[in-house]
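Everything below concerns the one structure shown next.
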2 protein chains.
Amino acid sequence: MTTLAVERRNQIEAIINTKKSVLVAELAEQFDVTPETIRADLFKLEKKGILIRTYGGATLSTGSGAELTFKERDVVNAEVKRRIGARAAALIRSGETIFLDASTSALYLARNIKDKHGLTVITNASSIVAELSECENIKLISTGGLLSKRNMSYTGRFAERMIRENFAANKFFFSCKGVTEERGLTDASEEEAYVKQAMMDVSDTVIFLCDHNKLGRKSIPVIASLDRVDTVITDVRLDHEWRNTFEGLDIDIITV
Amino acid sequence: MTTLAVERRNQIEAIINTKKSVLVAELAEQFDVTPETIRADLFKLEKKGILIRTYGGATLSTGSGAELTFKERDVVNAEVKRRIGARAAALIRSGETIFLDASTSALYLARNIKDKHGLTVITNASSIVAELSECENIKLISTGGLLSKRNMSYTGRFAERMIRENFAANKFFFSCKGVTEERGLTDASEEEAYVKQAMMDVSDTVIFLCDHNKLGRKSIPVIASLDRVDTVITDVRLDHEWRNTFEGLDIDIITV
DNA sequence: ATCCTCTTTCTAAAATAATCATAATAATAC
DNA sequence: GTATTATTATGATTATTTTAGAAAGAGGAT
């Protein structure tokens with residue numbers, strides 16, 4: 001044996017995570033083993049819930065029904081979020097201080113600011129810290145707090161106090177679970193909502209990264225009413241109703 | 001015998017730390033011993049928690065594809081720190097709250113508490129957060145603060161305030177650059193020193209993870225005088241002078 | 001739809017490779 | 001010298017991969 005079986009399965013896992021699907025024949029050739037061996041590998045990985053076997057190969061498991069973990073959410077609508085993140089990054093000027101929440105959209109934003117200079121970034125997302133930790137030109141601050149393992153974000157009253165008592169920022173970029181006119185901005189968890197409220201309260205400008213999935217959706221924990229938002233960045237041409245709602249609240253609309 | 005057995009094991013440890021996985025057959029040829037000998041080596045290294053044996057070889061115990069942190073390439077000291085970390089972990093009882101600083105020794109400690117229950121861990125080290133982020137049984141809190149990119153630790157007045165105003169703990173485990181009788185505990189950077197001072201001030205018991213490299217070494221930023229320490233865990237049999245120093249200050253000595 | 005063909009999957013057995021248990025041997029320590 | 005430890009040798013056991021033939025799916029042509 002030239003490589004470890006477990007190592008091969010790890011690599012298959014990595015491949016499917018980036019390519020979203022794999023072919024048995026392709027992997028068999030790549031690792032120089034028979035298709036039967038690959039099928040056995042895929043069977044094991046399926047039992048671990050990593051992928052779903054299909055005729056001829058396998059696709060990424062979408063964690064059906066249950067709450068998506070952070071890693072899984074990352075790939076849903078990645079292209080849309082990437083576009084929104086890139087547009088949002090263009091709003092940031094050098095020397096500014098910005099808050100980023102623990103949303104996937106904010107992570108995509110972070111990927112677009114690596115070469116900006118004199119920036120201070122404050123976030124409660126450990127993924128954003130990891131993403132920017134090698135940027136010498138960015139002053140990177142974590143809010144700290146209790147680690148929420150599902151989101152890999154820092155939350156709770158510690159995070160909230162840290163934000164309110166120590167920081168202020170020019171801009172706050174965030175996303176959330178849903179938005180409706182009557183209930184406003186709502187999120188999946190109360191703890192995240194508190195953190196976002198705090199960041200909102202100490203920021204000059206509030207920018208909502210709003211892909212089409214958020215529109216009309218609502219959840220229980222309320223972050224704030226819609227009028228707290230200054231700018232919305234979205235990926236769809238808004239219908240008349242939404243356009244009227246946003247314009248009535250004096251919210252700038254950016255479509256990407 | 002052409003090489004010492006323990007030396008061969010150290011080399012295997014070094015190889016797996018850089019290559020992330022090893023093959024029994026490969027190592028057997030490389031060291032010109034039988035596969036059985038290599039298997040015995042891997043068995044010993046597995047018991048020490050360095051690697052995980054798999055069919056045909058072994059992989060690193062710190063998750064596949066995982067990153068090696070800054071100082072972990074120093075394999076010889078790694079073994080010492082691992083021993084100290086394991087001994088320190090034995091001092092922790094379930095239900096306790098502990099502070100861990102951003103030292104390599106504390107990281108090794110963290111690796112030994114993954115199956116303890118009801119623990120609350122507060123740390124300013126992003127490596128420790130990453131290490132424990134999958135432990136559902138551990139309440140994990142980050143101090144937050146400005147990210148020091150060299151150490152991947154959170155420091156500064158934000159971290160210090162967070163600690164002093166929000167937390168308290170049963171035990172504080174730390175290491176530092178050096179210790180001498182006259183100057184006490186000293187560290188490489190002032191920022192780290194402030195964080196350690198704060199953690200010390202709000203902890204019941206202070207436990208110093210002190211491998212032999214620290215003894216007699218000194219640096220500029222002072223953390224605290226030696227009498228703030230309650231327990232020292234060290235890897236060498238202390239000479240009379242050090243023993244008298246510690247015992248004179250009523251410090252417990254644990255040798256591993 | 002049914003039939004046909006090609007491909008993939010499944011199953012079980014055989015082949016290969018690695019591990020384990022144990023005893024024997026070699027090296028080192030006391 | 002003996003005691004202790006490390007290494008090797010051997011055969012039994014177990015894990016993995018391959019092989020090969022049967023069953024089932026996909027897709028096109030009739």
Nucleotides 6-8 of chain C: which of its N/O atoms have a protein N/O under 3.5 Å away?
unit_1	atom_1	unit_2	atom_2	d
C/dT7	O2	A/Y55	OH	3.1
C/dT8	O4'	A/Y55	OH	3.1
C/dT8	O3'	A/G56	N	3.2

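To the nearest angstrom, C1' of D/dA15 lies 13 Å from CG of A/L4. The interatomic distance linking B/I12 (CD1) with D/dA6 (P) rounds to 14 Å, in whole Å. One interatomic measurement links the two molecules: CD1 of B/I38 to C1' of C/dC20, which rounds to 17 Å at whole-angstrom precision. Summarising the geometry, the separation between CZ on B/F43 and C1' on C/dC20 is reported as 11 Å, rounded to the nearest angstrom. We find that CG of B/L42 is positioned 16 Å from C1' of D/dA6, with the value rounded to whole Å.
For DNA chain D, the neighbouring residues in residues 27-36 of chain A, judged by any heavy atom under 4.0 Å, are A/V33, A/T34, A/E36.
Each of B/V256, B/D252, B/I253 was compared with B/I233 under the side chain to side chain contact (heavy atoms under 4.5 Å, CB included) criterion, and only B/V256 meets it.
Both A/D41 and B/R9 lie close to DNA chain D; mapped to their nearest nucleotides by heavy-atom distance, the more 5′-ward contact belongs to B/R9.
At least one side-chain heavy atom of B/V121 sits under 4.5 Å from a side-chain heavy atom of B/L100.
Ring-centre distance between B/F208 and B/F174: below the 6.0 Å cut-off.
Using bins of under 30°, 30° to 60° and over 60° for the plane-to-plane angle, the ring pair A/Y154/B/Y154 lands in the perpendicular bin.
Taking the side-chain hydrogen bond (donor to acceptor under 3.5 Å, both in side chains) definition, one finds that A/S175 meets it with nothing, sequence neighbours left out. A/K149 pairs by the side-chain hydrogen bond (donor to acceptor under 3.5 Å, both in side chains) definition with nothing, not counting sequence neighbours. Applying the side-chain hydrogen bond (donor to acceptor under 3.5 Å, both in side chains) criterion to B/K19, with sequence neighbours excluded, gives B/E26. Every side-chain hydrogen bond (donor to acceptor under 3.5 Å, both in side chains) that B/D235 has, sequence neighbours left out, goes to B/H212.
Residue A/R53 places at least one side-chain N or O under 4.0 Å from the OP1 or OP2 atom of C/dC10. Proximity of B/R8 to the phosphate of D/dA6: no side-chain N or O atom is located under 4.0 Å from OP1 or OP2.
The residues A/E7 and B/K20 are annotated as not salt-bridged, no charged nitrogen and carboxylate oxygen being separated by less than 4.0 angstrom.
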